[in-house]
Colleague: 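Sharing a structure, written as structure tokens. Questions coming.
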Amino acid sequence: EKETFSTSILQCLSTCSEIMKEVKMNWYNKLRYELAPPVFVIFFTAFSLLIPYFGRDGIELVSLVPSLIGSAFSWTFIGIIFFWAWLWLILERKKYYGPLTTDATTALYKGRGFVYYWATITAYVLCETFRPGLSSIIYNSMPDIIGSLNIVAFSLCVFFYFLPSEIQRNSKFPKVYIFYRGKEIHLKFLGVDAKQLIISRIGLMMWQLLILAFFIASLDIYGFNFPNFTSVLIQSVYLGKFYYWEKGYYYTLDITLDRIGYYLVWGCLVWVPSFYTFTSFFLVGHPPIISNGLAFLFGLFGVVSILMNYWVDAQKLHFRSSPDGRCVIWGNPARFIRAKYKDHLGKEKSSLLLTSGLWGVARHLNYTFEIATSIFWCLPGLWLGIQPLLYIPFIIILLFHRVFRDEEKCEAKYGSFWTQYCEKVPYRLIPNVF
Ligand SMILES: NC(=O)C1=CN([C@@H]2O[C@H](COP(=O)(O)OP(=O)(O)OC[C@H]3O[C@@H](n4cnc5c(N)ncnc54)[C@H](OP(=O)(O)O)[C@@H]3O)[C@@H](O)[C@H]2O)C=CC1
Ligand SMILES: CC(C)CCC[C@@H](C)[C@H]1CC[C@H]2C3=CC=C4C[C@@H](O)CC[C@]4(C)[C@H]3CC[C@]12C
């Protein structure tokens, strides 16, 4: 009798634990798919509109209301940038395919990013030369520019959301999550690849042009300031590196996993131009006060971090593009795990996970150097309050979230092979720490 009693207690406990697990899972899914997306959309959109208020003294909240619909200048400015970016892609003859995504689709990309990068900067400098004061107008028009960008970005998100799609029809996710995350991994838009146009050619170029404009505007206000220059220089080297490596970018999570929705479209059209540029925006009205010597050190460490980040990404690209992983890393043949996985049709495939070189030091060392780079371009704003440093917690949270997102993807894809890789390379960002 005692035995039956203890067995039923055990059964009862296990049922309770199953129920608890189910409840926990339901809550987690509710949070992830139903609660977080609308909260993020409202919070980040509102925050983007308030950025000029946090970054510049003397701006009244009410004065931001008319900016919600932009101004003639802001519409012309973003119109020219969008048209310029699109024209470069449409006229480009050089074409190449990207990798296969989780949906087993691929996209056709165009052009040479590095040429576009330098051509755009040159064109901007010429505009500033023939129309002196343009940069100060851009700086003063930031509330209107953010207003216009929000209208364009939201219109595009709604447009992409209503495009007919198989994925939507078969999806069990709530509508608000689909709006946030997007439906398609690849889409053609105005005759070009939507992600290439929106992320690479508009979002990141706006980042470069705006920090350049802010720097020129600061020259009119307080003259040349070396720490401010250092911050803009690190960001420019970072963006120059991005365009130099543009082909490699089409192998990253944004392209192979993420979809065309609010996160990427609004993120690149509004969040990147408003928040990613915020340190430089802030420094126009608040001249940096750190010494030139310290700024030089930050500049040096910033550029070294960019090179290290590039090295990590390049090592993987080099390894993955060598036939059967046959290449030399740090003087020795590359070591790797041959990981089997099933593609979307259930067909067995294999892929190689590098375990030597930088990918043997930590599983996401590129993120570590990404964070370091951001810290170094924010530090010239030291002792001026928390505003110029705000990008640091943001990028840390974004990349930590990305580490877990990526590992969830890899675990689902490679199963025990991924566990084997994690045993071989146990740390994610910093060896012996995390
Ligand atoms: N400033 C910003 O806002 C951000 C910048 N970045 C930067 O963008 C760049 C790309 O980042 P991201 O796409 O996120 O990530 P990664 O370039 O690190 O790519 C992750 C993928 O690489 C493959 N992989 C993982 N481990 C190995 C290994 N050992 N050997 C070979 N392949 C491996 C897996 O894909 P597979 O399925 O092919 O096996 C995995 O999903 C980085 O430089 C990062 O710093 C990223 C996010 C935000
Ligand atoms: C909803 C928003 C608050 C979040 C928006 C996030 C996006 C703007 C960013 C998410 C991932 C970011 C990027 C990934 C990888 C990159 C490679 C690097 O070399 C340059 C920057 C970037 C393209 C970067 C740009 C912003 C994101 C798309």
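In each ligand, atom 1 is the first atom listed, and ligand 1 is the first ligand listed. Since the structure is predicted, the reported quantities are computational estimates derived from the model, not experimental observations.
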Colleague: Can you confirm whether Glu348 is buried at CD, in the sense that more than 12 heavy atoms of other residues, nucleotides or ligands lie under 6.0 Å from that atom?
Modeller: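 Yes, because the 6.0 Å sphere around CD of Glu348 holds more than 12 heavy atoms from other groups.
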Colleague: Any non-hydrogen atom of Tyr276 lying under 4.0 Å from ligand 2?
Modeller: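 A heavy atom of Tyr276 does come that close to ligand 2.
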Colleague: Taking atom types as modelled, find out whether Asn366 and Lys316 have a side-chain donor-acceptor pair closer than 3.5 angstrom.
Modeller: no
Colleague: Look at the rings of Phe77 and Phe73 and say which category their plane angle falls in: under 30° parallel, 30 to 60° tilted, over 60° perpendicular.
Modeller: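 Parallel: the ring planes of Phe77 and Phe73 meet at under 30°.
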Colleague: Identify the protein heavy atom lying closest to atom 7 (C) of ligand 2, giving its residue, its atom name and the separation to 0.1 Å.
Modeller: Tyr263 O, 4.1 Å
Colleague: For Tyr391, run the ring pair (Phe, Tyr, Trp, His ring centres under 6.0 Å) check against Tyr276, Trp271, Phe282 and tell me which one passes.
Modeller: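 Answer after filtering Tyr276, Trp271, Phe282: Tyr276.
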Colleague: Is the number of heavy atoms from other residues, nucleotides or ligands within 6.0 Å of CG (Leu253) greater than 12?
Modeller: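 More than 12 heavy atoms, drawn from other residues, nucleotides or ligands, come within 6.0 Å of this atom.
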Colleague: Tell me which protein heavy atom sits closest to atom 28 (C) of ligand 2, plus the residue, atom name and distance to 0.1 Å.
Modeller: Cys268 SG, 3.6 Å
Colleague: For atom 1 (C) of ligand 2, state which one of Tyr262, Phe275, Phe40, Phe242 supplies the nearest heavy atom.
Modeller: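 Nearest heavy atom to atom 1 (C) of ligand 2 lies in Tyr262.
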Colleague: Would you call the rings of Phe336 and Phe319 parallel, tilted or perpendicular if under 30° counts as parallel and over 60° as perpendicular?
Modeller: tilted
Colleague: Less than 4.0 Å between atom 18 (C) of ligand 2 and some protein heavy atom, yes or no?
Modeller: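 Given the 4.0 Å cut-off, atom 18 (C) of ligand 2 counts as touching protein heavy atoms.
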Colleague: Any atoms of ligand 2 less than 4.0 Å from a non-hydrogen atom of Trp245? List them with their elements.
Modeller: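 Those qualifying, in numeric order: 19 (O).
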Colleague: Under a 4.0 Å heavy-atom limit, does Asp254 contact ligand 2 with its side chain, its backbone, both, or neither?
Modeller: side chain
Colleague: List, one per line, each side-chain donor-acceptor pair under 3.5 Å for residues 351-360, sequence neighbours excluded.
Modeller:
from   : atom 1 : to     : atom 2 : distance (Å)
Ser351 : OG     : Arg320 : NH2    : 3.4
Ser351 : OG     : Tyr414 : OH     : 3.2
Thr355 : OG1    : Arg335 : O      : 3.2
Ser356 : OG     : Arg335 : N      : 3.0
Trp359 : NE1    : Val312 : O      : 3.0

Colleague: Could a heavy atom of Thr252 be found less than 4.0 Å from some atom of ligand 2?
Modeller: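 Heavy atoms of Thr252 never come under 4.0 Å of ligand 2.
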Colleague: Mind checking whether Tyr249 has a heavy atom under 4.0 Å from ligand 2?
Modeller: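 Checking ligand 2 against Tyr249, which is what was asked, there is a heavy-atom contact under 4.0 Å.
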Colleague: Say whether Glu370 and ligand 2 are in contact under the criterion: heavy-atom distance to a ligand atom below 4.0 Å.
Modeller: no
Colleague: Students often mix this up, so state it plainly: with edges at 30° and 60°, are the rings of Phe242 and Tyr249 parallel, tilted or perpendicular?
Modeller: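 Perpendicular, since the angle between the ring planes exceeds 60°.
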Colleague: May I ask you to identify the nearest protein heavy atom to atom 25 (C) of ligand 2, giving residue, atom name and distance to one decimal place in Å?
Modeller: Leu204 CD2, 4.2 Å
Colleague: Out of all atoms in ligand 2, which are within 4.0 Å of some heavy atom of Gly267? Include the element for each.
Modeller: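 With Gly267 as reference, the close atoms of ligand 2 come out as 5 (C), 8 (C).
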Colleague: Heavy-atom contacts with ligand 1 below 4.0 Å: which residues, ordered by chain and residue number?
Modeller: Tyr238, Trp245, Thr252, Leu253, Tyr276, Asn309, Asp313, Lys316, Arg320, Leu352, Leu353, Leu354, Trp359, Asn366, Tyr367, Glu370, Tyr391, Ile395, Leu398, Leu399, Arg402, Asp406, Lys409, Cys410, Lys413, Tyr414, Tyr421
Colleague: Numbering the atoms of ligand 2 from 1, which are under 4.0 Å from a heavy atom of Phe44?
Modeller: 3 (C)
Colleague: Indicate every side-chain donor-acceptor pair of residues 423-434 with a distance under 3.5 Å to a residue at least two apart or in another chain.
Modeller:
from   : atom 1 : to     : atom 2 : distance (Å)
Arg428 : NE     : Glu407 : OE1    : 3.3

Colleague: Side chain to side chain contact (heavy atoms under 4.5 Å, CB included) with Ser67: which residues, sequence neighbours excluded?
Modeller: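 Ser67: side chain to side chain contact (heavy atoms under 4.5 Å, CB included) contacts with Pro143, Asp144.
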Colleague: Does Arg338 come within less than 4.0 Å of Asp324, counting only side-chain N to carboxylate O?
Modeller: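 Salt bridge flag = yes for Asp324 with Arg338.
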Colleague: Is it true that Arg402 and Asp254 have a side-chain N and a carboxylate O under 4.0 angstrom from each other?
Modeller: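 A salt bridge is present here (some side-chain N lies under 4.0 Å from a carboxylate O).
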Colleague: Considering only heavy atoms of Arg402, which atoms of ligand 2 have at least one such atom less than 4.0 Å away?
Modeller: 11 (C)
Colleague: So does Glu246 pair up with Lys94, basic N to acidic O under 4.0 Å?
Modeller: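 Salt bridge between Glu246 and Lys94, a charged N being under 4.0 Å from a carboxylate O: no.
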Colleague: May I ask you to identify the nearest protein heavy atom to atom 20 (C) of ligand 2, giving residue, atom name and distance to one decimal place in Å?
Modeller: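 The closest one turns out to be Tyr238 OH, 3.3 Å.
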